[in-house]
*Asks:* 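Okay, handing you the structure first.
One-based numbering, in listed order, for ligands and for the atoms of each. Here, residue 1 is the first one in the sequence, and each next residue gets the next number.
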Amino acid sequence: MTLSVQGWHLDETAAQLTLQVTTTRTRVRCPLCHTLTRRVHSRYARTLVDLPWGPYTVHLHLRVRKFFCDQPMCPCQIFTERVPTVAAPWARRTLRLAQRLRACGLALGGETGARLGHRLGLPTSPDTLLRLVQTAPALDTPAPHILGVDEWAWRRGQRYGTILVNLETHRVLDLLPERSADMVAQWLAQHPTVTVVCRDRSALYADGMRRGTPHVVQVVDRFHLVKNLREAIEAFLHDQRPALQAAAACTAQVLTQVAGPVAAPTMYRGRHRCFQAGQRRQEAAQQHRHTAWVTTYEAIHTLRAQGTSVTAIAAQLGISRPTVYAYLRRTRPPSPRSPQRSGQVLRPYMAYLVQRWREGCTDSMQRWREMRALGYAYSSRTVSRFLTRLRRARAAGWAPETQTSPYTRPQGPSARAVSFTWVCPEAKRAQDAQLYVDQLTQAHPPIAQAYTLSQAFLALVRERRGDALATWITEARASAIAALARFAEGLQEDLAAITTGLTLPWSNGVVEGHVNRLKLLKRQSYGRAGVGLLRQRLMQAV
Ligand SMILES: [Zn+2]
């Protein structure tokens with residue numbers, strides 16, 4: 001409506017279409033005093049790049065005018081006419097082109113966005129895209145009431161920032177460059193509509209919230225509570241290795257009674273990979289890691305003996321505080337771990353091997369050749385290891401089917417794996433997992449006590465019975481399970497916020513999701529993006 005095409009020129013060699021355009025309005029308003037005027041002072045040309053037309057880039061040669069302002073008191077004597085629906089006052093490209101480029105930049109960042117732009121016929125430089133992203137106008141967002149706060153890592157163990165999410169709309173509200181009480185306090189003071197804040201268990205955020213807005217209801221996120229409980233269980237189970245191992249044998253015993261008819265084999269044609277080279281690489285990497293663990297273990301224990309604080313040790317060694325605590329809980333350096341033999345490559349063929357075993361075919365090389373014909377692409381050692389397990393199971397009087405379960409491994413499942421089984425709801429556990437837990441708790445009263453206590457806590461979390469928390473804490477502290485007593489003492493320190501966490505429906509699952517997205521964006525820009533760019537991309541991404 002405001003522009004009129006006067007002529008055009010098509011340059012085939014440069015693939016460029018140039019349109020001569022003028023503005024059509026006869027009377028124009030002064031941008032300062034808004035008086036209408038028609039007195040032209042002069043004319044000049046602006047060149048704007050527009051959206052492409054097929055393979056042609058489109059340039060607008062825009063003739064614009066300068067006007068006199070007729071209002072004698074106006075400080076703006078001469079002004080240029082604006083075309084607000086077409087381009088910003090000083091811009092070299094039209095609004096609609098800038099919008100598309102900005103969308104590319106928000107979705108993909110500078111480099112990748114510029115490459116995509118080039119493919120779409122919107123050539124631009126990475127720097128221009130980043131500038132467009134940085135200057136993107138703020139979105140109109142409703143005032144937040146329920147806030148989720150969590151930390152995110154600039155560099156794991158070294159530098160952290162803070163992410164703030166509106167838990168009602170599930171949108172990111174802000175990204176703070178630091179994890180500090182002051183910053184959170186300041187942010188909350190600027191946003192007085194917030195009434196409930198959901199956070200992790202760090203005392204730091206709790207302090208910031210108390211100072212920023214004392215009336216805000218603090219809620220401890222249930223995800224972090226369950227996570228801390230699981231860690232306590234794992235620490236407890238670390239010392240129960242003989243029991244974990246014994247329960248594996250008992251589970252095999254029980255599974256022998258319930259082992260039904262042999263299942264039909266499931267066929268899987270695996271990818272061909274050079275197994276041995278991979279394994280050698282894995283072993284070398286493992287050896288390297290183990291040396292590093294021992295060095296770290298010795299450094300931490302030496303520093304601690306000298307009276308250095310955990311925070312200072314973490315900063316000095318460039319590791320996180322939870323890792324320092326984990327090392328301090330150990331009384332001797334970690335032992336070398338054998339390379340991961342997860343049995344995953346064998347899993348699809350286990351039923352077949354068990355069936356052949358029942359038919360009396362127990363020669364491992366022969367079985368390996370048969371499996372290769374079925375598509376198995378890994379070493380014969382893996383097969384022979386499994387057949388050794390079957391041989392031992394036969395000697396112990398167990399059904400060969402029992403050996404397909406990870407809970408019957410001769411060395412027993414890891415404390416970590418069992419701790420995850422414990423916090424998994426009973427209804428979701430596999431049959432062998434449940435049998436294993438039953439065996440473990442039946443034979444060892446302290447483990448049974450720890451199990452009952454942890455299940456009672458999980459019930460509080462799942463059924464949101466915050467009122468029963470105080471009773472649970474008393475019970476756990478009185479128990480002989482040191483790890484759970486420590487966990488309960490920790491709860492005591494933040495009791496009010498945890499009780500509301502176990503009562504109100506809010507939780508930080510959404511925030512964890514956004515932190516994951518943030519990690520992706522961070523890596524997409526190869527770790528070079530600053531907080532401003534990350535904030536824009538997180539908040540405005542399409
Ligand atoms: Zn004026």
*Asks:* Assess the pair Phe68 and His41: is the distance between their ring centroids shorter than 6.0 Å?
*Replies:* yes
*Asks:* Does the cation-pi check pass for Arg230 over Phe420, that is, NZ or CZ under 6.0 Å from the six-membered ring centre and within 45° of its axis?
*Replies:* yes
*Asks:* Between Lys66 and Phe79, is NZ or CZ placed under 6.0 angstrom from the six-membered ring centre and within 45° of the ring axis?
*Replies:* no
*Asks:* Does the side chain of Phe457 come within less than 4.5 Å of Leu491's, by heavy atoms?
*Replies:* yes
*Asks:* Taking the Zn ion (ligand 1) as the center, what protein N, O or S atoms are found at less than 2.8 Å?
*Replies:* Cys30 SG, Cys33 SG, Cys69 SG, Cys74 SG
*Asks:* So, the side chain of Arg46 versus the backbone of Pro89: is there a donor-acceptor pair under 3.5 Å, distance only?
*Replies:*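 Yes; judged by distance alone, with no hydrogens or angles, the pair exists.
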*Asks:* Does Arg201 come within less than 4.0 Å of Asp494, counting only side-chain N to carboxylate O?
*Replies:*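 No.
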